[in-house]
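Lettering follows sequence order; numbering is per chain, from 1.
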Amino acid sequence: MAYWLMKSEPDSWSFDQQKKTGRKGAEWDGVRNFQARSNMKAMRRGDLAFFYHTGEEKAVVGIVKVIAEAHQDSTDPTGQWQCVDVAAVEGLPRPVTLAEVKAHAKLKDMKLARNPRLSVQPVTLQEWAIICKLGGLAKPPET
DNA sequence: GCCAACGTTGGC
DNA sequence: GCCAACGTTGGC
């Protein structure tokens, strides 16, 4: 069981859109970065990920679950890129902003703060728990 | 809208 | 295989 963080520009794909796809979820397509790809290849069914909005919001807004492991990205004609499928689990009652992450002693070394350009990144259990709490969840979701 | 940081590409 | 140039991302 691993934890991740996936970033999206809400204008192109938002957590609200993700929620509308319900339990069947959607492909996390369009990733064209080797590091992000290798992170997606390491994902297993049932892993959980934060859904982060870039741009205006710059905040973790929800949680998604990996429902299909890495497979061909249907939007890639060259066939070299892959994606996973994710489904919304729940939104955070209170979004956790990038500013808060950077200000928090235990979170400021997160990849999110250090390398904001990596679109799919691992999150430690400790980071996961802290952000869930800051986000207003009584307890982190179960798989 | 600008700029810094990073990743990727291509020439040597 | 190295490195400069370029393009893109994302924060400010």
Side-chain angles (χ1 to χ4, degrees), chain A residues 1-137 140-141 143:
Chain A
M1 175 70 186
Y3 300 95
W4 310 91
L5 182 144
M6 305 173 91
K7 304 193 311 184
S8 181
E9 174 64 53
D11 283 349
S12 48
W13 184 252
S14 68
F15 188 64
D16 277 346
Q17 285 173 279
Q18 181 71 55
K19 276 193 291 193
K20 289 198 184 107
T21 66
R23 297 173 65 86
K24 73 175 174 55
E27 282 192 346
W28 193 270
D29 57 27
V31 172
R32 300 292 182 267
N33 171 285
F34 294 115
Q35 254 181 288
R37 186 182 69 182
S38 70
N39 285 335
M40 285 199 295
K41 283 182 173 174
M43 290 183 181
R44 292 298 166 252
R45 216 180 149 83
D47 282 358
L48 295 172
F50 287 128
F51 195 115
Y52 176 85
H53 277 173
T54 59
E56 285 286 294
E57 291 182 57
K58 292 189 282 294
V60 175
V61 295
I63 290 168
V64 293
K65 175 167 62 175
V66 176
I67 56 170
E69 296 179 8
H71 59 87
Q72 176 72 50
D73 181 336
S74 65
T75 66
D76 171 34
T78 72
Q80 64 169 318
W81 296 104
Q82 297 188 316
C83 62
V84 294
D85 292 3
V86 297
V89 175
E90 62 184 319
L92 293 186
R94 210 191 130 268
V96 178
T97 66
L98 178 61
E100 285 179 88
V101 168
K102 287 183 166 174
H104 194 291
K106 296 243 170 69
L107 299 179
K108 65 176 171 39
D109 289 332
M110 282 182 72
K111 287 202 171 52
L112 178 66
R114 302 205 147 204
N115 182 5
R117 296 191 46 188
L118 180 59
S119 61
V120 179
Q121 47 185 268
V123 169
T124 67
L125 177 57
Q126 187 189 32
E127 292 161 353
W128 180 267
I130 294 171
I131 291 177
C132 284
K133 195 172 173 192
L134 288 176
L137 294 180
T143 307

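Applying the side chain to side chain donor-acceptor pair (under 3.5 Å) test to pairs two or more places apart or on separate chains, those with a residue in residues 55-64 of chain A are A:His53-A:Glu57. For residues 92-108 of chain A, the salt bridge (Lys or Arg N to Asp or Glu O under 4.0 Å) pairs, not counting sequence neighbours, are A:Arg94-A:Glu100. Listed by first and then second residue, the ring pair (Phe, Tyr, Trp, His ring centres under 6.0 Å) pairs that reach into residues 54-89 of chain A are A:Phe34-A:Trp81, sequence neighbours excluded. Residue pairs meeting the ring pair (Phe, Tyr, Trp, His ring centres under 6.0 Å) criterion with at least one member in residues 114-133 of chain A, sequence neighbours excluded, are A:Tyr3-A:Trp128, A:Phe50-A:Trp128.
In this entry the distance linking CD of A:Glu9 with C1' of C:dG10 reads 9 Å, nearest Å. Regarding A:Leu98, its CG atom lies at a distance of 8 Å from the C1' atom of C:dG11, rounded to whole Å. A:Trp13 places its CH2 atom 19 Å from the P atom of C:dT9, with the value rounded to the nearest Å. The CG atom of A:Leu112 sits 17 Å away from the P atom of C:dT9 (whole-angstrom rounding). A:Asp11 places its CG atom 13 Å from the C1' atom of C:dG10, with the value rounded to the nearest Å. One can place CD of A:Glu57 at 15 Å from P of C:dC12, the figure rounded to the nearest angstrom.
Phosphate proximity of C:dG11 to A:Tyr52: present, with a side-chain N or O under 4.0 Å from OP1 or OP2.
The backbone N or O of A:Gln80 sits less than 3.5 Å from a side-chain atom of A:Arg37, completing a donor-acceptor pair.
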- In B/S/- notation (B base, S sugar-phosphate only, - none; protein heavy atoms under 4.0 Å), nucleotides 1-7 of chain B written 5' to 3' is ----BBS
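Listed by chain and number, the residues in a ring pair (Phe, Tyr, Trp, His ring centres under 6.0 Å) with A:Tyr52 amount to none (sequence neighbours excluded).
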